[in-house]
Structures are given as C-alpha cells and as structure tokens.
Number of protein chains: 2
Amino acid sequence: MTLKFAILGLLAENPMSGFDLVGQFDVGMSVIWPAPQNEIYKILRALESEGAIRVADTGPRGRIVYAITPEGRTALTAWLREPTDYTMRYEPMLKAVFMRQATPATRRAIAKADGAFAAEQLAKLRQADAKRRAERKPDPRADARRLIILFYEAMEKWAKETAED
Amino acid sequence: MTLKFAILGLLAENPMSGFDLVGQFDVGMSVIWPAPQNEIYKILRALESEGAIRVADTGPRGRIVYAITPEGRTALTAWLREPTDYTMRYEPMLKAVFMRQATPATRRAIAKADGAFAAEQLAKLRQADAKRRAERKPDPRADARRLIILFYEAMEKWAKETAED
DNA sequence: ATATCACATGTGACTAATCACAGGTGAAGG
DNA sequence: CCTTCACCTGTGATTAGTCACATGTGATAT
C-alpha cells in the first residue's frame with residue numbers, strides 16, 4: 001500500500017514508464033523503500049484502473065508512459081495528510097540490538113560495514129546536493145535529501161564509536 | 001526471514017513465550033522491526049521444527065516457554081556475520097520525498113508530527129538509558145539504543161528545520 | 001546482414017505479512 | 001459463586017512482496 005504511493009509520488013514529479021520507475025528505485029529510491037520490478041508493473045495497472053494515473057504516451061518497444069491524473073494528485077496529498085506509520089524495517093538496527101551477543105570481532109565487522117555503507121551513501125548524496133545547488137532550480141527532493149543525510153551522518157558517527165571499543 | 005532472526009535474537013537474551021515476545025514488540029521492538037502477533041507464533045513453530053529453539057517450560061493457560069538451542073545460537077551469529085541488507089522501509093522518509101508537492105500547511109504538519117514522534121521516542125529511550133546506567137548491569141542493548149537515539153535526534157533536528165520554512 | 005545489447009513489459013509459483021476473529025484458562029474481586 | 005479481565009495460543013482468508021524466468025523490439029556496431 002505504501003509502495004503504491006511511492007510510485008504515485010514519482011509520477012507526480014514526472015510522467016514515466018515502468019522501466020523508468022525501475023531506474024528510479026535502482027538509483028536511490030530503494031534505500032528508503034524498495035520495489036521489485038514486477039511489483040511496479042502490477043501497481044501501475046492497479047493505479048490505472050483506479051483512475052489515479054493514465055497512459056500519457058506510448059513509445060518504441062512497447063513503452064508505456066503514465067501520467068498522474070487530478071484524482072491521483074488528490075489521493076497523493078490525502079495520503080500525505082494521513083497519520084504516518086512510524087514503524088521502520090531496517091536490518092542494521094536489528095543487528096545492532098543483538099550484536100553484543102556476538103564476538104568483539106563480529107561486532108567490529110558489523111560496525112565497520114555499517115560505517116562504510118553510510119559513508120558511501122553520504123558521498124553520493126552530498127554530490128547530488130552540490131549539483132542541485134549549482135543548478136539553482138527548485139528541488140522538490142531537497143527536504144528528503146537533508147533528512148537522509150542527517151540520518152547517515154548519525155549512522156556513520158555511531159559506527160565510528162562502536163568500531164573502536 | 002529477518003523477523004525470524006529478530007525472534008531468535010530475543011530468545012537468545014532470555015527464554016520467553018510467544019506472548020512475552022508480543023509484549024517485547026509492543027514495548028519498543030516494533031519501532032525497528034514490526035511483528036504481527038500471529039506471525040510470531042508461526043515463526044516459533046518453524047524455529048522449533050528447525051531445532052533452533054526448544055520448549056523449555058510450560059505454564060498455566062497453555063503457556064509455552066521457548067529457549068534457544070546451541071544450533072540456534074550458531075544460526076544467529078551466522079546471520080550477524082552475513083552481509084547486511086541496507087534497504088530501509090520508513091514511511092516518514094518517503095513522505096519527505098514528496099512533501100514539496102503538498103501545500104506549506106501540509107508540509108509543516110508532517111514535519112511537526114515527525115518531530116513530535118521523535119521527541120517522544122527520545123524521552124522514552126533516554127529514560128531507559130538512565131535507568132540502565134543506574135543499575136550498572138551490563139546492557140546488551142546499549143549499542144542499539146545509542147544508534148536509535150542518534151537517529152531520532154537527527155529526525156528531530158530535521159523536523160525543526162523543516163517546520164520553520 | 002546479423003549479432004549483440006539495452007530497452008521494456010510481463011507471467012507464474014511461492015513465501016511472508018496482514019487482518020480479523022476464535023476460544024480456552026487461571027487469577028482476583030465483589 | 002460468578003463475573004470480569006488479563007493471559008495465551010491459535011486458525012483462515014487475503015494481500016503484498018519476492019524469485020526466477022520469459023518474451024519481444026529497436027539501435028548500434030561489425
């Protein structure tokens with residue numbers, strides 16, 4: 001159900017095909033909310049039959065470009081206003097809960113891997129951020145990027161603390 | 001599959017019944033990884049048939065207390081050593097991605113709600129932290145609590161920034 | 001020409017997760 | 001005694017998500 005709105009939200013930014021959406025999730029979206037390729041196509045068909053999106057264009061190789069409809073936009077903003085579900089699913093945090101039960105070597109290995117991942121994501125995000133700023137166009141994702149950067153900074157800090165104990 | 005290890009990890013800390021596990025998830029675990037009540041019982045049966053846990057005790061009202069077996073402990077540490085899946089599912093972050101598409105009032109409402117939730121969690125966590133420190137017992141969850149505190153601090157900070165724009 | 005590759009959507013079988021409800025049991029209080 | 005409530009496990013139906021594979025097409029280079 002949440003994935004449906006992830007897709008609807010992306011289509012609200014720009015008309016896109018299923019293939020384009022797969023690319024969006026590959027590029028960075030899946031860090032926040034993953035989407036298997038075939039789920040995307042299923043949801044597109046569902047959203048279309050609900051009238052939230054419509055076929056805006058077709059292209060070579062069976063390409064189907066979808067665009068959000070006014071009803072879809074209404075549904076999206078209604079979802080944004082609904083109470084948020086704050087339950088998270090994040091394996092690194094779960095491993096952190098149990099890591100004291102493992103050997104110090106394993107603990108350090110986990111912390112190191114977490115830190116490396118966070119650093120890698122931060123590098124990407126900061127680069128994207130700099131690029132966007134240089135372009136001086138309004139950036140609809142700026143808020144989210146800021147939140148995600150703060151999040152990975154916290155994770156990196158934690159990893160450093162935890163690796164050296 | 002990940003939930004299986006969440007349950008195994010909890011049983012590695014203490015022998016518990018399904019009912020106790022439901023309580024654990026209610027109290028705070030579900031913020032990191034949620035578990036519907038009936039999934040817990042299903043997984044307990046599966047873990048038992050795999051030999052990762054065993055019935056350690058029975059009590060009134062059909063209560064069944066499970067304890068982890070040596071094989072279970074092996075499986076748990078093997079999981080900890082396995083490469084971590086860093087994909088997250090977190091609705092607040094997803095909403096952050098699309099919040100620029102909503103009205104300023106909606107954006108502020110989202111940021112405010114997120115900030116309030118983070119503050120509430122921080123209050124709980126800090127209290128638990130202080131209590132644990134006062135007890136001076138070794139705390140297997142200390143690492144995780146630290147990570148989660150850092151995470152909610154980041155979220156609170158972001159919410160403050162975002163609410164006032 | 002034709003081989004290769006990126007583009008693009010889809011199906012089928014399966015597993016995990018979710019929702020809503022069912023139903024029995026011991027403890028405690030009036 | 002008997003009502004009420006917290007305790008405790010469970011079933012059945014449904015939906016969402018995952019894995020692995022299938023299929024066709026246009027562009028590009030040799």
Side-chain angles (χ1 to χ4, degrees), chain A residues 1-8 10-11 14-27 29-50 53-67 79 85-91 94, chain B residues 1-8 10-11 14-27 29-50 52-66 79 85-91 94:
Chain A
M1 269 295 300
T2 306
L3 181 53
K4 197 172 94 173
F5 291 105
I7 288 171
L8 193 57
L10 288 170
L11 289 174
N14 289 303
M16 264 187 269
S17 69
F19 189 82
D20 296 336
L21 285 163
V22 172
Q24 287 288 312
F25 280 93
D26 277 351
V27 159
M29 202 65 189
S30 71
V31 173
I32 300 173
W33 205 281
Q37 175 260 123
N38 59 348
E39 262 296 285
I40 291 174
Y41 288 99
K42 258 190 247 172
I43 289 171
L44 284 172
R45 291 188 290 262
L47 282 171
E48 199 201 351
S49 77
E50 285 170 27
I53 61 174
R54 63 186 173 77
V55 176
D57 197 9
T58 56
R61 279 162 265 187
R63 177 183 172 87
I64 307 165
V65 178
Y66 293 94
W79 171 70
D85 177 1
Y86 289 101
T87 58
M88 187 189 317
R89 281 150 200 258
Y90 198 45
E91 228 186 65
L94 194 61
Chain B
M1 269 295 300
T2 304
L3 181 53
K4 198 172 94 173
F5 291 104
I7 289 171
L8 194 56
L10 288 169
L11 288 175
N14 289 304
M16 263 187 270
S17 70
F19 189 82
D20 296 335
L21 285 163
V22 172
Q24 287 288 310
F25 280 93
D26 278 351
V27 159
M29 200 66 189
S30 71
V31 173
I32 301 173
W33 206 281
Q37 175 262 123
N38 59 348
E39 262 296 285
I40 291 175
Y41 288 99
K42 258 190 248 172
I43 288 172
L44 284 172
R45 290 189 291 263
L47 282 171
E48 200 202 349
S49 78
E50 286 171 26
I53 61 174
R54 63 186 173 77
V55 177
D57 198 8
T58 57
R61 280 163 266 188
R63 177 183 173 85
I64 307 166
V65 178
Y66 292 94
W79 171 71
D85 178 0
Y86 289 102
T87 57
M88 188 188 318
R89 282 150 198 259
Y90 198 44
E91 229 186 64
L94 194 60

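Bear in mind that the values here come from a model prediction, so they are computed numbers and not experimental data. We name chains A, B, ... by the order of the sequence lines, and we start the count at 1 in each one. Quick note: numbers below take in every heavy atom, side chains included, and nothing from hydrogens, waters or symmetry partners.
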Exercise. Looking at B:P34 and B:L3, what are the two nearest heavy atoms and their distance?
Worked result: O-CD1, 4.0 Å

For this session: Using modelled atom types only, decide if a donor and an acceptor are shared between the side chain of B:S30 and the backbone of B:W33 within a distance under 3.5 Å.
Result: no

Exercise. Can you check the B:R63 CZ to D:dG10 P distance for me, whole Å?
Worked result: 13 Å

Problem set entry | Integer-rounded Å distance: D:dG10 P and B:E39 CD | 14 Å

Exercise. Between B:Y41 (side chain) and B:F19 (backbone), is there a donor-acceptor pair under 3.5 Å?
Worked result: yes

For this session: Could you tell me whether A:R89 and B:E91 have a side-chain N and a carboxylate O separated by less than 4.0 Å?
Result: no

Exercise. What is the distance, rounded to the nearest whole Å, between atom CD1 of A:I7 and atom P of D:dA16?
Worked result: 12 Å

For this session: Taking the side chain as every heavy atom from C-beta outward, state whether A:I7 and A:L47 have any atom pair closer than 4.5 Å.
Result: yes

Seminar exercise, completed: The complete set of salt bridge (Lys or Arg N to Asp or Glu O under 4.0 Å) pairs with one or both residues in residues 35-49 of chain A, sequence neighbours excluded, reads A:E39-A:K42

Problem set entry | Separation of D:dT9 P from B:L47 CG (nearest whole Å) | 15 Å

Exercise. Any side-chain heavy-atom pair from B:L11 and B:N14 closer than 4.5 angstrom?
Worked result: no

Problem set entry | Approximate separation, where rounding is to 0.5 Å, of B:L8 CG and B:L44 CG | 10.0 Å

Tabulated below should be each protein N or O lying under 3.5 Å from an N or O of nucleotides 23-26 of chain D; please produce it.
none

For this session: Carefully, step by step, assess B:R63 and B:D57 under the rule salt bridge (charged side-chain N to carboxylate O under 4.0 Å, His left out).
Result: CA-CA 8 Å; B:R63 177 183 173 85; B:D57 198 8; over 6 Å; no

Exercise. For the pair made of CG in B:L3 and C1' in C:dT15, what is the distance, rounded to whole Å?
Worked result: 13 Å

Exercise. Whole Å only: how far is the CD1 atom of A:I40 from the C1' atom of D:dT18?
Worked result: 13 Å

Exercise. If you find the nucleotide of DNA chain D closest to B:D20 and the one closest to A:P34, which residue's nucleotide is nearer the 5' end?
Worked result: B:D20

For nucleotides 11-13 of chain D, list the nitrogen or oxygen atoms of the protein found under 3.5 Å from its nitrogen or oxygen atoms, one pair per line.
{"residue": "D:dT11", "atom": "O4", "partner": "B:N38", "partner atom": "ND2", "Å": "3.2"}
{"residue": "D:dG12", "atom": "O6", "partner": "B:N38", "partner atom": "ND2", "Å": "2.9"}

Exercise. Starting at CD1 of B:I43 and ending at P of D:dG10, how long is that distance when rounded to a whole Å?
Worked result: 14 Å

Exercise. Just how far, in rounded Å, is P of C:dA16 from CZ of B:R89?
Worked result: 14 Å

